[in-house]
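Side chains included, hydrogens not; waters and symmetry mates left out as well; all remaining heavy atoms used. In this text the structure is predicted, and so the values were computed from the model without any measurement. Positions are given from 1 along the sequence.
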Amino acid sequence: MVTPSAVKSRLRTQQIETPSWAYGNSGTRFKVFAQPGVPRTPEEKIDDAAQVHAVTGIAPSVALHIPWDRVDDYAALAKYAEAAGVRLGTINSNVFQDDDYKLGSVTNPDPRIRRKALAHLLECVDIMDETGSRDLKLWFSDGTNYPGQDDIRARQDRLAEALAAVYDRIGAHQRMVLEYKLFEPAFYTMDVPDWGTSYAHCVRLGEKATVCVDTGHHAHGTNIEFIVAFLLREGKLGAFDFNSRFYADDDLMAGAADPFGLFRIMYEVVRGGGFEPETGVAFMLDQCHNIEAKIPAIIRSVLNVQEATAKALLVDRDELAKAQDAGDVLGANEVLMDAYHTDVRPLLAELRAEQGLDPDPLGAYRRSGYGERIVAERVGGEQAGWGA
């Protein structure tokens with residue numbers, strides 16, 4: 001029997017990283033709607049992330065994106081974050097927003113462009129050294145649109161060469177986290193289209209290379225929890241990018257489209273030991289907020305992940321194992337459903353009160369006046385967003 005106190009004890013260790021770009025203007029490929037009060041600098045993004053952590057208590061780090069968050073002194077930026085009450089987390093590279101990368105970055109047939117892309121990836125490792133970050137997240141838009149456009153196998157060779165160069169550069173305490181995406185922007189082949197491709201490259205590279213599972217980067221009907229269970233079993237699950245999708249890479253608020261799916265994923269995380277801090281699995285949001293207020297949307301997403309985790313921790317695994325061993329199909333399913341249908345909000349409110357936090361994080365943020373204050377103060381300058 002799982003007790004509420006045991007669940008709260010484990011939830012006290014939970015950490016969810018928020019992405020700097022989610023605080024800027026970003027959204028669909030059709031149109032990005034600007035909002036008042038949006039950050040203009042990396043420091044203002046950090047300020048917003050600190051507000052999320054202040055009311056939730058479980059978002060102590062913020063991921064950076066280079067060059068969107070480029071500054072002259074990254075060590076100083078790390079100190080700024082520490083003073084604000086958070087720390088700098090994952091460093092995300094960008095080899096997809098330069099005209100040179102039209103036909104690919106590290107897999108481009110042009111050696112000059114491949115060298116340029118690799119130089120940026122190595123720059124990101126230099127930044128990690130300054131910020132004290134553990135993880136370098138790599139996502140490549142590289143791929144082809146037409147049969148015969150390029151040699152598929154040769155592109156894999158080029159990718160492997162670049163990954164090996166970056167892997168050799170990262171320190172003993174650092175990791176490479178390789179993301180994948182089924183399609184977009186390339187529509188015939190993506191060079192890292194799925195978890196299997198990422199996994200194969202990571203296995204060849206070594207223990208410091210792991211897979212990042214973005215919950216929006218799969219074909220319809222893909223069983224993401226199976227992928228999670230497999231990668232945990234192999235010790236190759238490095239990170240999550242949480243978001244929701246209805247159709248493709250929608251980047252909507254985590255837990256908004258399919259909260260039951262998020263619960264199933266988090267159960268496999270708990271079952272496979274991925275929730276234990278020593279396993280090193282990083283839990284990060286990867287979202288954009290086009291029509292909704294950004295900071296409240298991020299708070300809501302953090303809470304959705306927390307609620308799914310609490311329900312996953314409530315699964316009576318002893319009873320589940322008994323039902324599974326007995327071949328009791330309905331009984332096993334009922335154990336999972338009992339946990340999922342549990343209203344964990346009172347338990348989480350108790351946990352926050354015990355931690356000295358407001359039991360209602362969204363209400364606390366709204367009452368703080370922070371949203372109104374940044375609208376009044378952040379006038380002039382260039383708002384952050386895609387490409388800034």
Side-chain angles (χ1 to χ4, degrees), residues 16-19 21-22 26-29 63 65 90 92-97 101 104-107 135-145 155-156 159 163 176-202 209-232 234 236-266 268-269 274 281-290 301 304-305 308 386:
I16 301 168
E17 188 164 281
T18 65
W21 56 92
S26 58
T28 69
R29 284 71 174 159
H65 192 291
T90 304
N92 291 258
S93 60
N94 183 324
V95 284
F96 55 86
Q97 282 192 313
Y101 300 143
S105 60
V106 297
T107 67
D135 291 346
L136 172 68
K137 175 105 73 58
L138 302 178
W139 174 75
F140 299 102
S141 64
D142 297 33
T144 64
N145 275 350
R155 292 178 75 90
Q156 287 298 306
L159 173 64
L163 292 176
M176 172 193 299
V177 185
L178 182 58
E179 192 175 351
Y180 55 88
K181 192 173 185 181
L182 177 67
F183 75 98
E184 193 190 45
F187 293 100
Y188 177 60
T189 63
M190 288 289 285
D191 291 327
V192 191
D194 52 38
W195 70 273
T197 306
S198 176
Y199 173 74
H201 280 285
C202 289
T210 58
V211 180
C212 174
V213 174
D214 185 306
T215 53
H217 285 188
H218 305 88
H220 282 289
T222 297
N223 189 310
I224 300 174
E225 54 266 37
F226 170 82
I227 299 170
V228 171
F230 181 90
L231 292 174
L232 279 169
E234 299 299 314
K236 280 296 181 181
L237 179 61
F240 280 98
D241 278 359
F242 285 121
N243 53 68
S244 282
R245 49 77 65 88
F246 288 103
Y247 299 104
D249 184 24
D250 303 339
D251 280 339
L252 301 174
M253 292 187 299
D258 184 5
F260 184 50
L262 182 58
F263 161 77
R264 299 195 310 268
I265 290 170
M266 291 311 301
E268 292 302 333
V269 170
V281 178
F283 301 93
M284 193 185 83
L285 304 180
D286 182 16
Q287 306 174 172
C288 54
H289 306 288
N290 199 28
S301 298
N304 286 347
V305 176
W386 285 351

Would a line drawn from the ring center of F283 to the ring center of F240 be shorter than 6.0 Å? yes
Could you tell me if the ring centre of Y180 sits under 6.0 Å from that of H218? yes
Plane angle bin for F187 and F183 - parallel if under 30°, tilted between 30 and 60°, otherwise perpendicular: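 Plane angle between 30° and 60°, so tilted.
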Please verify the inter-ring angle class for Y199 with W195; under 30° counts as parallel, over 60° as perpendicular, anything in between as tilted. tilted
So do [Y] and [X] actually touch side chain to side chain, heavy atoms under 4.5 Å?
X    : Y    : answer
I227 : T222 : yes
V228 : E268 : yes
F263 : I265 : no
M253 : H289 : yes

Pair D214-W139, side chain to side chain donor-acceptor pair (under 3.5 Å): steps then yes or no: CA-CA 10 Å; D214 185 306; W139 174 75; over 6 Å; no
Could you pull out all residues at least two apart from T144 that satisfy side chain to side chain donor-acceptor pair (under 3.5 Å)? T189
[X]: which residues meet the salt bridge (Lys or Arg N to Asp or Glu O under 4.0 Å) condition with it, sequence neighbours left out?
X    : answer
D191 : R155
D135 : R175
K181 : E184, D249
D241 : K137

Closest heavy-atom pair and its distance - [X], [Y]:
X    : Y    : answer
F140 : M190 : O-CE, 3.7 Å
L163 : L138 : CD2-CD1, 3.7 Å
H220 : F246 : CE1-O, 3.1 Å
G255 : S244 : N-OG, 3.1 Å
C202 : L178 : SG-CB, 4.1 Å
L262 : N304 : CD2-O, 3.8 Å

Strictly by modelled atom types, are E179 and S198 linked by a side-chain donor-acceptor pair under 3.5 Å? no
For residues D250 and N243, is any side-chain donor paired with an opposing acceptor at under 3.5 Å?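 There is no such pair (donor and acceptor under 3.5 Å, judged by atom type) between the side chains of D250 and N243.
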How many angstroms lie between SG in C212 and NZ in K236, if you round to the nearest 0.5 Å? 14.0 Å
Residues 219-232 vs salt bridge (charged side-chain N to carboxylate O under 4.0 Å, His left out), sequence neighbours excluded, gives E225-R264
Looking at L285, is its backbone amide N or carbonyl O close enough to the side chain of E17 to form a donor-acceptor pair, meaning the two atoms are under 3.5 Å apart?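 Here the side-chain-to-backbone pair does not exist.
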Exactly one of V211, V213, T210, V177 should register a side-chain contact (heavy atoms from CB on, under 4.5 Å) with L237. Which one does?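 It is V213; the other options fail the test.
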